[in-house]
Each structure stands twice: as C-alpha cells, then as structure tokens.
Colleague: 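Can you keep this structure in mind? I'll have questions shortly.
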Amino acid sequence: MPELPEVETIVRELNEAHVVGKKILKAEVFWNRTVATPEVSKFLQLIENQKILKITRQGKYIVFHLFEGFLLVHLRMTGKFLLSMPSNHERVRIYLEDGQVLHYADQRKFGRFSLVKTLDAIDHIGVDPFSKDFTFESFKALLNAHSRQIKPFLLDQKHICGLGNIYVDEALWEAKIDPQRFSNTLSHEQMHDLFHAIPKVLEKGIENLGTSLGTHRSNYFNVSGKRGGNQYKLNVFRRDKEPCPRCGHIIIKLKVAQRGTHVCPNCQY
DNA sequence: AGCTCGACCCGGACGC
DNA sequence: TGCGTCCGGGTCGAGC
C-alpha cells in the first residue's frame with residue numbers, strides 16, 4: 001500500500017525516467033471515476049499539450065507540475081504507474097511526446113486524479129516528516145493539542161502526512177510506544193523517541209525502495225514493475241506470532257481504531 | 001473534538 | 001475441486 005516511501009520511490013523513478021520536460025500528447029481514461037475532477041471530457045481536453053515541468057511529492061500525493069496547473073494523483077491502495085503496458089487494471093494512459101507511454105493501473109479503483117489550478121486541494125494535509133517544519137517543538141505541540149490514541153493520530157494526514165498502517169506500526173515499535181496510548185499522555189522522552197523514529201522508519205523504507213507485501217499483483221510495485229525490499233526489513237508489521245527482533249517476545253496482532261495493529265507486548269506496554 | 005460506521009473496490013484467503 | 005463469505009487498506013462523509 002503506497003505510503004510515503006513508496007510514493008517517494010515512484011516520484012524519484014519518474015524523474016529518472018525523463019518524464020519531466022515532456023509534453024503530454026493526450027490521455028485516455030478507462031475508468032471514469034479515477035478522475036475526481038474535472039469531469040473526464042474536460043480533463044482530457046485540459047491535459048492535452050501540457051508540458052510536465054516537474055514531479056514532486058506531498059505526503060502520499062504525487063504532484064505533476066504542468067505548464068498550467070497541477071495534476072494531483074493519490075494512489076490509495078493499489079494505484080501504480082508503469083512505463084510498460086500493465087497486464088490488466090489499466091485505468092488511465094498518458095501519451096508523452098517522445099513515444100513514452102505512462103500507464104496508470106489500479107486494481108481496486110480507489111486511486112484518484114485531480115487536475116487543478118492551484119495546490120489548495122492539498123492544503124489540508126499536515127507537515128511532511130522530511131520538511132524543515134517538522135521540528136520536535138511543533139511535533140510535541142501537536143501531540144499535546146489532541147487527546148486521541150496515538151495510532152489514529154499518526155494515521156490522520158492532517159497532522160503529519162505520509163504515514164500509513166505499515167510505517168505507523170514500525171515507528172511505534174521503534175519508539176517503544178503502545179499504539180493505544182493517548183497522544184497527550186506520552187512522556188517527553190517518548191515524544192522525543194517517536195519524533196526520531198518517524199523519519200527513521202520512512203528513510204529505511206525509501207532506502208529499500210518501498211514495501212511490497214505478499215506475492216501478488218495487487219501489491220506495490222515501482223514504475224519499472226519491480227518489487228521493493230522493505231518487507232524483509234520490517235520489525236513488527238505482519239510479523240505477529242514471530243519473535244520481536246529486539247527482545248524475543250512474541251509479537252501480537254490486535255485492532256486499534258479498526259485497523260490491524262502489530263505490537264511487541266513486552267517492549268511497547 | 002473524536003469515535004464509529006459505511007462507502008468505495010477487488011481478489012486472496014479461508015471455511016465448508 | 002468449487003463454492004460462498006470475509007477481510008484489508010486509505011480516505012471521506014455522516015451521525016453521534
């Protein structure tokens with residue numbers, strides 16, 4: 001499931017693949033609801049002949065900076081960009097001026113494209129953990145401002161953006177924090193540890209080119225269709241019934257805020 | 001403000 | 001083997 005490291009890997013790859021600087025000749029949409037805004041006919045018309053100036057990431061959004069406006073893409077669960085033809089589930093196809101074709105495949109159809117004039121649409125998302133605005137003081141203030149379980153707090157993109165289920169579990173394990181603890185009850189030291197754990201687990205994910213769970217197609221793949229390697233480096237996520245890499249205690253799985261959650265009951269309680 | 005549920009989707013996993 | 005059902009994952013909106 002694409003979270004910050006997977007999206008970052010994709011953005012880097014798109015940049016390396018010389019998609020930047022190319023003009024979009026035309027697009028095709030095979031599943032209309034993939035385009036959130038504007039309506040598909042307008043979308044196709046507006047995107048034509050637009051030059052891609054640069055591609056960046058904001059939280060889990062891929063931002064294509066066009067000559068006029070921005071194409072925002074959120075991959076949600078199973079969205080992926082591929083430079084070679086996907087075997088199935090293709091929802092959008094973008095033809096570039098040099099013969100390159102960017103395919104967007106999305107088995108579960110949750111991903112969304114928005115063609116917008118300004119970046120107002122993603123104003124609501126919180127600080128990126130790799131931004132210089134992500135400081136310990138601001139993080140501590142955020143935690144103290146909310147009385148909420150730490151796991152759903154970290155999953156809520158309006159506070160801090162980029163974390164999903166995998167990396168939240170990893171960060172909380174790293175900082176030895178119970179996912180059910182309330183954000184404003186953490187000790188100063190725990191807040192400090194968590195502040196450092198978040199970029200740490202995300203950086204590790206990026207270094208390993210993302211997490212590709214399981215063996216099947218619906219999983220995360222990068223632009224050239226390769227799997228990431230971070231699934232082999234996870235400490236707790238989907239490792240229930242296995243020993244904790246830190247203390248050897250058996251990792252358990254529970255539900256926190258309706259989400260599958262993995263913890264070491266020895267380190268984290 | 002924060003919680004919970006349902007919706008959006010599909011196919012892998014599981015039970016029989 | 002084949003069928004039916006459940007589940008998960010990110011996000012949003014509704015109702016409490």
Side-chain angles (χ1 to χ4, degrees), chain A residues 1-10 29-37 40 57-63 72-81 86-92 104-114 116 120-126 128-129 141-172 179-186 202 205 210-221 227-228 230-231 234 236-241 253-262:
Chain A
M1 333 300 133
E3 302 178 29
L4 188 153
E6 291 73 34
V7 178
E8 178 65 27
T9 302
I10 290 164
V29 174
F30 309 114
W31 179 256
N32 285 351
R33 299 193 58 184
T34 296
V35 178
T37 189
V40 173
R57 178 189 62 72
Q58 289 228 17
K60 300 177 192 172
Y61 285 88
I62 301 172
V63 184
L72 306 177
V73 177
H74 197 302
L75 305 171
R76 293 283 181 94
M77 313 285 305
T78 54
K80 45 184 72 76
F81 278 112
S87 54
N88 42 21
H89 310 304
E90 188 178 15
R91 310 302 180 196
V92 179
Y104 173 76
D106 188 354
Q107 178 197 104
R108 293 189 192 175
K109 302 173 174 172
F110 283 161
R112 292 291 178 262
F113 283 44
S114 302
V116 292
D120 290 354
I122 49 173
D123 263 0
H124 64 285
I125 66 174
D128 191 286
L142 270 179
L143 292 172
N144 281 323
H146 299 272
S147 176
R148 192 173 180 192
Q149 285 182 321
I150 187 66
K151 172 148 181 170
F153 175 88
L154 293 174
L155 286 172
D156 190 334
Q157 304 295 301
K158 73 172 180 279
H159 306 306
I160 298 156
C161 66
L163 293 164
N165 212 28
I166 299 172
Y167 295 97
V168 163
D169 279 8
E170 290 297 307
L172 291 170
Q180 304 178 86
R181 275 287 292 276
F182 278 63
S183 56
N184 56 350
T185 68
L186 298 178
L202 295 173
T211 302
S212 296
L213 294 164
T215 52
H216 37 85
R217 279 196 303 276
S218 64
N219 221 299
Y220 157 75
F221 288 89
R227 289 161 59 82
N230 203 53
Q231 61 277 18
L234 298 173
V236 276
F237 191 81
R238 298 234 177 133
R239 295 198 65 238
D240 43 303
K241 299 190 176 73
K253 183 175 179 182
L254 63 156
K255 286 239 185 216
V256 177
Q258 282 85 243
R259 308 297 303 278
T261 299
H262 310 77

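Each chain gets a letter, A, B and so on, in the order its sequence line appears, and its residues count up from 1.
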Colleague: A:F110 has a side chain; which of B:dC8, C:dC12, B:dG11 sits nearest to it?
Modeller: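 Among B:dC8, C:dC12, B:dG11, the one nearest the side chain of A:F110 is B:dC8.
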Colleague: For C:dC12, does either OP1 or OP2 sit under 4.0 Å from a side-chain N or O belonging to A:H124?
Modeller: yes
Colleague: Scan A:K151, A:K253, A:R239 and name whichever one has a salt bridge (charged side-chain N to carboxylate O under 4.0 Å, His left out) with A:D169.
Modeller: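 Result: among A:K151, A:K253, A:R239, A:K151 is the only option passing the salt bridge (charged side-chain N to carboxylate O under 4.0 Å, His left out) with A:D169.
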Colleague: Rounding to an integer number of Å, can you tell me how far A:K255 NZ sits from B:dC3 P?
Modeller: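 Spelled out: NZ on A:K255 to P on B:dC3 is 16 Å.
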Colleague: Just how far, in rounded Å, is C1' of B:dC9 from CG of A:N32?
Modeller: 16 Å
Colleague: Rounded to whole angstrom units, what separation is found between the CZ atom of A:R91 and the P atom of B:dC8?
Modeller: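 Those two atoms, CZ and P, are 16 Å apart.
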Colleague: Bend angle of the helix from B:dG2-C:dC16 to B:dC16-C:dG2 from five-pair axes at both ends, rounded to 10°?
Modeller: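 Terminal axis comparison yields 50°.
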Colleague: If the condition is side-chain contact (heavy atoms from CB on, under 4.5 Å), which residues does A:P2 pass it with, not counting sequence neighbours?
Modeller: A:E6, A:V7, A:L75
Colleague: Whole-Å distance between C:dT11 C1' and A:L4 CG?
Modeller: 17 Å
Colleague: Restricting to non-hydrogen atoms, name the atom on A:P179 and the atom on A:T261 that form the minimum distance, rounded to 0.1 Å.
Modeller: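 Closest approach of A:P179 to A:T261: CG-CG2, 3.6 Å.
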Colleague: Please tell me which of the listed nucleotides, B:dC9, C:dG9, B:dC3, lies nearest to the side chain of A:N165?
Modeller: C:dG9
Colleague: Mind checking A:F237 for me? I need base, sugar-phosphate or nothing, with any heavy atom below 4.0 Å counting as a touch.
Modeller: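 Touches sugar-phosphate only.
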Colleague: Tell me, please, which residues at least two apart from A:F30 pass side-chain contact (heavy atoms from CB on, under 4.5 Å).
Modeller: A:E28, A:E90, A:R93
Colleague: Taking DNA chain B as the partner, which of residues 145-160 of chain A come within under 4.0 angstrom of it by heavy atom?
Modeller: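 Here the set is A:H146, A:S147, A:R148, A:Q149.
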Colleague: Using atom CZ of A:R112 as one end and atom P of C:dC12 as the other, report the distance to the nearest whole Å.
Modeller: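 These atoms are roughly 12 Å apart.
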Colleague: Among all residues two or more places apart in sequence or in another chain, which pass the ring pair (Phe, Tyr, Trp, His ring centres under 6.0 Å) test with A:H146?
Modeller: A:F153, A:H159
Colleague: With a 4.5 Å heavy-atom cut-off, do A:R57 and A:L4 have their side chains touching?
Modeller: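 They are in side-chain contact.
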Colleague: Would you give the length of the straight line joining atom CD of A:Q157 to atom NE2 of A:H74, rounded to the nearest 0.5 angstrom?
Modeller: 6.5 Å
Colleague: CH2 of A:W31 versus C1' of B:dC8: gap in Å, rounded?
Modeller: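 In whole Å, B:dC8 C1' lies 10 Å from A:W31 CH2.
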Colleague: Given atom OH of A:Y61 and atom C1' of C:dC12, what is their separation to the nearest angstrom?
Modeller: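 Answer to the nearest Å: 10 Å.
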Colleague: Hey, does the side-chain of A:R238 have a donor or acceptor N/O within less than 3.5 Å of a partner on the base of C:dG8?
Modeller: no
Colleague: Which one, C:dT11, B:dG11, C:dG8, comes nearest to the side chain of A:Q107?
Modeller: B:dG11
Colleague: Return no unless some side-chain N or O of A:H74 is found under 4.0 Å from OP1 or OP2 of C:dT11.
Modeller: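 Answer yes for this pair, as a side-chain N or O of A:H74 is under 4.0 Å from OP1 or OP2.
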Colleague: Could you please name the option among C:dG9, B:dC9, C:dC12 that lies closest to any side-chain atom of A:R76?
Modeller: C:dC12
Colleague: For a 4.5 angstrom cut-off between non-hydrogen side-chain atoms, does A:Y61 reach A:I125?
Modeller: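 Touching, per the 4.5 Å side-chain cut-off.
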Colleague: Which residues pass the ring pair (Phe, Tyr, Trp, His ring centres under 6.0 Å) test with A:F237, sequence neighbours left out?
Modeller: A:H262
Colleague: Any side-chain N or O of A:K109 less than 4.0 Å from the OP1 or OP2 oxygen of B:dC8?
Modeller: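 Checking B:dC8 against A:K109, no side-chain N or O comes under 4.0 Å of OP1 or OP2.
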Colleague: Go through the steps to decide whether A:V73 and A:F81 satisfy the test side-chain contact (heavy atoms from CB on, under 4.5 Å), and finish with yes or no.
Modeller: CA-CA 10 Å; A:V73 177; A:F81 278 112; 3.8 Å; yes
Colleague: To the side chain of A:R33, which of C:dG9, B:dC9, B:dC5 is closest?
Modeller: B:dC9
Colleague: Output the rounded distance in Å from CZ (A:R108) to C1' (B:dC10).
Modeller: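 Answer to the nearest Å: 5 Å.
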